[in-house]
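Values below: all heavy atoms of this structure, side chains included; hydrogens, waters and symmetry mates excluded.
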Amino acid sequence: MTLNSADTAFRDRLAGVLPDDIFRAADARYLEEPRGRYAGQQALLALPRTAQEVSTLIRHAQDARVGVVPYGGGTGLVGGQVAPDGPAPLILSLERMNSVRDVYPDENVLVAEAGVILADVQAAAEAVERLFPLSLAAEGSARIGGNLATNAGGTGVLRYGNARDLCLGLEAVLPDGQIWNGLTRLRKNNTGYDLRHLLIGAEGTLGVITAAALKLFPKPARSGTALMVVQSPRAALDLLSLAKAQLGEMISAFELIHRQGFEFLTETLPEVRHPFATAPEWCILIDVGLSGDLDPSEALETLFAAAHEAGLVDDGLIAQNEAQSVDFWNIREMIPEANRLIGSVSSHDISVPLGAIPDFIRKAGETLARVGDFRINCFGHVGDGNLHYNVFPVKGKSRLDYEPQRTAIKTAVHDLVQEMGGSFSAEHGIGRLKRGDLETYGDVAKLSAMRAIKSALDPAGIMNPGAVLNV
């Protein structure tokens with residue numbers, strides 16, 4: 001169905017229905033995305049304060065056949081938050097819906113509106129001596145509604161799961177304007193289709209999340225962090241198996257870092273302190289959270305000793321205090337910023353079965369060497385099989401010099417991922433960037449079901465038009 005632009009006439013029809021200060025022209029930050037591959041067109045911006053106001057906006061948008069682009073913190077990496085073409089949409093920002101409504105420490109539940117910044121959710125949990133474990137580089141600006149809409153991953157997935165696993169219930173506005181009051185705190189609720197899981201990861205194409213009941217966890221009594229130099233990705237997996245055998249579910253994060261990441265930090269962010277005099281080819285950042293009187297330093301020392309005896313690690317550093325732990329994590333968290341400053345030719349957020357990781361890294365490098373000369377920064381959440389496999393220009397060139405090769409690079413990487421039974425989008429979603437990949441690599445039956453769901457819930461096609469599906 002043809003959509004119309006959100007214009008003065010659309011705003012005028014809501015005069016007297018909604019407060020005047022809800023609307024304004026969208027400034028530049030609502031029309032940009034972090035990788036700079038898409039630029040949104042000038043559009044009308046709405047900033048509602050309540051789910052009822054969201055409902056009114058959506059209902060009128062459907063009646064007027066106006067597309068709606070939900071906007072969280074704008075940190076998404078696949079272009080889901082901007083509409084570069086088609087009729088000018090209504091940009092629906094949830095930033096004014098930024099209240100933590102309730103906290104139930106004894107139930108380990110926190111209820112937050114969709115516009116609450118992720119770091120503020122973490123702080124609200126901390127205030128009642130609880131942990132909200134979703135953690136990612138953009139947590140100071142990403143909003144929880146967007147985290148859920150994209151099923152965000154981050155560094156804590158190994159122990160706590162994705163955003164989907166951290167949500168008990170939702171309040172949401174459906175494409176016809178109905179408010180779904182599914183903000184349950186129940187752990188068991190077996191009453192038919194689960195709209196919660198349908199909306200989480202849908203990237204705003206099936207409705208707008210306005211609030212969520214989130215799972216909290218007891219804070220680990222003590223935590224520890226270490227960097228361990230491993231001989232290879234295969235050794236990293238063997239170290240993970242050894243760590244699980246010794247520490248079980250107490251491993252909070254297990255991150256793979258390649259030498260190229262250290263070199264990019266030196267090149268772009270020289271103020272970042274490096275833990276090693278010479279950057280290792282591969283190392284693992286491991287974080288543990290222990291209960292009771294268990295000593296994390298002793299646990300990590302025991303792990304290192306066993307790994308060294310098994311020939312898995314050559315060197316290592318165990319954080320002796322919180323400041324050192326922060327320094328270790330700063331290395332990992334600043335690598336994406338260094339990548340951005342270098343400027344990638346093609347970035348890939350992929351996952352493969354754990355056992356396939358070493359072969360993937362080897363084969364991908366061999367395949368790309370036949371395409372051209374590149375620098376590759378492979379790093380990420382190896383504990384859950386998610387790698388950020390990013391391809392960069394050699395020194396002295398920019399990504400624009402490689403633009404003709406970008407499609408060949410992406411295809412080579414994603415074909416190999418498909419061959420190994422993996423996913424071309426592990427945690428970033430589809431957005432607008434990966435619609436073609438979804439058509440190429442997606443299961444035919446799944447795509448058919450997705451289109452049927454989209455048609456049933458959003459027959460007018462107003463919800464984030466152009467995102468996820470080619471319809």
Side-chain angles (χ1 to χ4, degrees), residues 1-4 6 10 46 48 51-72 76 78-81 83 86-87 89-92 94 114 145-146 148-151 162-164 167-184 189-213 423 425 429-432 434-471:
M1 184 167 296
T2 303
L3 296 178
N4 301 314
F10 176 73
Q52 188 56 58
E53 290 180 348
V54 175
S55 172
T56 300
L57 286 163
I58 296 295
R59 189 174 69 253
H60 281 269
Q62 186 189 62
D63 292 344
R65 298 298 188 262
V66 166
V68 178
V69 177
Y71 189 91
V78 290
Q81 69 273 56
L90 174 70
I91 300 175
L92 183 65
L94 281 296
L148 291 166
T150 56
N151 189 27
N162 293 294
R164 180 185 304 280
C167 180
L168 293 170
L170 292 177
E171 173 189 87
V173 177
L174 301 179
D176 61 359
Q178 288 189 86
I179 298 174
W180 172 47
N181 296 300
L183 207 56
T184 178
N189 183 15
N190 204 2
T191 53
Y193 301 153
D194 196 331
L195 297 185
R196 168 191 47 155
H197 284 311
L198 190 59
L199 291 173
I200 294 173
E203 302 184 47
T205 61
L206 300 178
V208 179
I209 294 170
T210 53
S423 169
S425 183
I430 302 299
R432 289 167 176 80
K434 297 182 180 180
R435 287 181 307 176
D437 295 304
L438 183 61
E439 293 291 329
T440 300
Y441 301 107
D443 179 83
V444 174
K446 178 181 177 179
L447 286 171
S448 178
M450 288 173 64
R451 290 194 174 92
I453 292 167
K454 173 71 170 174
S455 178
L457 292 183
D458 184 22
I462 65 166
M463 296 308 306
N464 211 0
V468 183
L469 286 169
N470 290 321
V471 292

Stepwise side-chain contact (heavy atoms from CB on, under 4.5 Å) check, Cys167 with Ile200
CA-CA 9 Å; Cys167 180; Ile200 294 173; 3.9 Å; yes

Identify, with sequence neighbours excluded, every residue that meets side-chain contact (heavy atoms from CB on, under 4.5 Å) alongside Asn190.
none

For a quick test of reading the model, state the closest non-hydrogen atom pair linking Val66 to Ala6 and the distance between them.
CG1-CB, 3.6 Å

Under the salt bridge (Lys or Arg N to Asp or Glu O under 4.0 Å) rule, collect the residues that match up with Arg451, sequence neighbours excluded.
Glu439

I need the full list of salt bridge (Lys or Arg N to Asp or Glu O under 4.0 Å) pairs touching residues 454-471, with sequence neighbours left out, sorted by first then second residue.
Lys454-Asp458

Among Leu206, Ile58, Leu457, find the residue that satisfies the side chain to side chain contact (heavy atoms under 4.5 Å, CB included) test when tested with Met463.
Ile58

Test log, rule side-chain contact (heavy atoms from CB on, under 4.5 Å), inputs Leu3 and Ile462
CA-CA 7 Å; Leu3 296 178; Ile462 65 166; 4.0 Å; yes

Leu469 vs Thr205, test: side-chain contact (heavy atoms from CB on, under 4.5 Å). Steps then yes/no.
CA-CA 9 Å; Leu469 286 169; Thr205 61; over 6 Å; no

Tell me, please, which residues at least two apart from Arg432 pass salt bridge (Lys or Arg N to Asp or Glu O under 4.0 Å).
none

Write down the atom of Asn162, the atom of Asn151, and the distance for their closest heavy-atom approach.
CB-OD1, 3.4 Å

Would you sort out whether Leu438 and Met450 count as a side-chain contact (heavy atoms from CB on, under 4.5 Å), showing the intermediate values?
CA-CA 11 Å; Leu438 183 61; Met450 288 173 64; 4.2 Å; yes

Between the main-chain N or O of Gly431 and the side-chain N or O of Glu203, is there a donor-acceptor pair closer than 3.5 Å?
yes

Check side chain to side chain donor-acceptor pair (under 3.5 Å) between Glu171 and all other residues, then give those that pass, not counting sequence neighbours.
Arg101, Thr210

Rounded distance [0.5 Å steps], CG in Asn4 versus CG in Leu90:
13.0 Å

Heavy atoms only: give me the nearest Gly67-Pro465 pair and the separation to one decimal.
CA-CG, 4.0 Å

Report, one line per pair, each donor and acceptor closer than 3.5 Å where one atom sits in a side chain of residues 173-181; sequence neighbours left out.
from	atom 1	to	atom 2	distance (Å)
Asp176	OD1	Gln178	N	3.0
Asp176	OD2	Gln178	NE2	2.8

Nearest 0.5 Å, what's the CG-CD distance between Leu57 and Gln62?
13.5 Å

Shortest non-hydrogen separation from Leu94 to Ile209 and the atoms involved:
CG-O, 4.2 Å

Do you know the tightest heavy-atom contact between Arg435 and Ala467?
CD-C, 4.3 Å

Quick one: closest heavy-atom pair of Asn464 and Gly204, and the distance?
CB-O, 3.6 Å

